[in-house]
Number of protein chains: 2
Amino acid sequence: MNLIDFIGALAGMLTTISFIPQVLKIWRTRSARDISYGMYTCFISGVALWLCYGLLIGALPIVLNNAIVLLLAILVIMLKYRVER
Amino acid sequence: MNLIDFIGALAGMLTTISFIPQVLKIWRTRSARDISYGMYTCFISGVALWLCYGLLIGALPIVLNNAIVLLLAILVIMLKYRVER
């Protein structure tokens, strides 16, 4: 793996795992009032399309990263819904 | 532009603009307690690396999308810092 591939892989890993602290924060505080439904609705739609794009061009890193982000982003929105009802 | 390119472009646009509703929500409510610093620190680092990656491989769509996401994510974290002090 050359330096450019390494930077890309690290970038993908960081943006993907970044949603974990948000999931844990909502879980711990049982509060998600400041989280925007608009952001996550739009973001989840975009990530789902990235996943389709990755599948269509056969790019495994795009598929894997976006599958994980999709799950985590759906978890954020589900937790928000749950703690607010 | 073929269908696959269109899906990729739409995916990029959706994930990029998704941070706008979050910025507006914090601005409007003056509250960002539930937003995770951990998420945005990790996310901003990742997006900055995506930007480097885009520059290194000379991919303008990656550069543009990540430059905008970077600015919006920094805006989220700056607004959070500002409304909480």
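Just so we're clear, the structure is a prediction, and the values are computed from it rather than from any experiment. Numbers restart at 1 for each chain; the letters A, B, ... are given by sequence-line order, proteins then strands.
For a heavy-atom cut-off of 4.5 Å, chain A lies close to I4(B), I7(B), G8(B), L10(B), A11(B), G12(B), L14(B) in residues 2-14 of chain B. Applying a 4.5 Å heavy-atom cutoff, the residues of residues 31-47 of chain B that approach chain A are S31(B), A32(B), R33(B), D34(B), I35(B), S36(B), G38(B), M39(B), Y40(B), C42(B), F43(B), S45(B), G46(B), V47(B).
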Show the atom names and distances, to 0.1 Å, of all donor-acceptor pairs under 3.5 Å that link a side chain in residues 51-79 of chain B to residues at least two apart or in another chain.
unit_1: N65(B); atom_1: OD1; unit_2: T16(B); atom_2: OG1; d: 3.0
unit_1: N65(B); atom_1: ND2; unit_2: P61(B); atom_2: O; d: 3.3
unit_1: N66(B); atom_1: ND2; unit_2: I62(B); atom_2: O; d: 2.9

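Screening residues 74-85 of chain B for salt bridge (charged side-chain N to carboxylate O under 4.0 Å, His left out) gives K80(B)-E84(B) as the qualifying pairs, with residues at least two apart or on separate chains.
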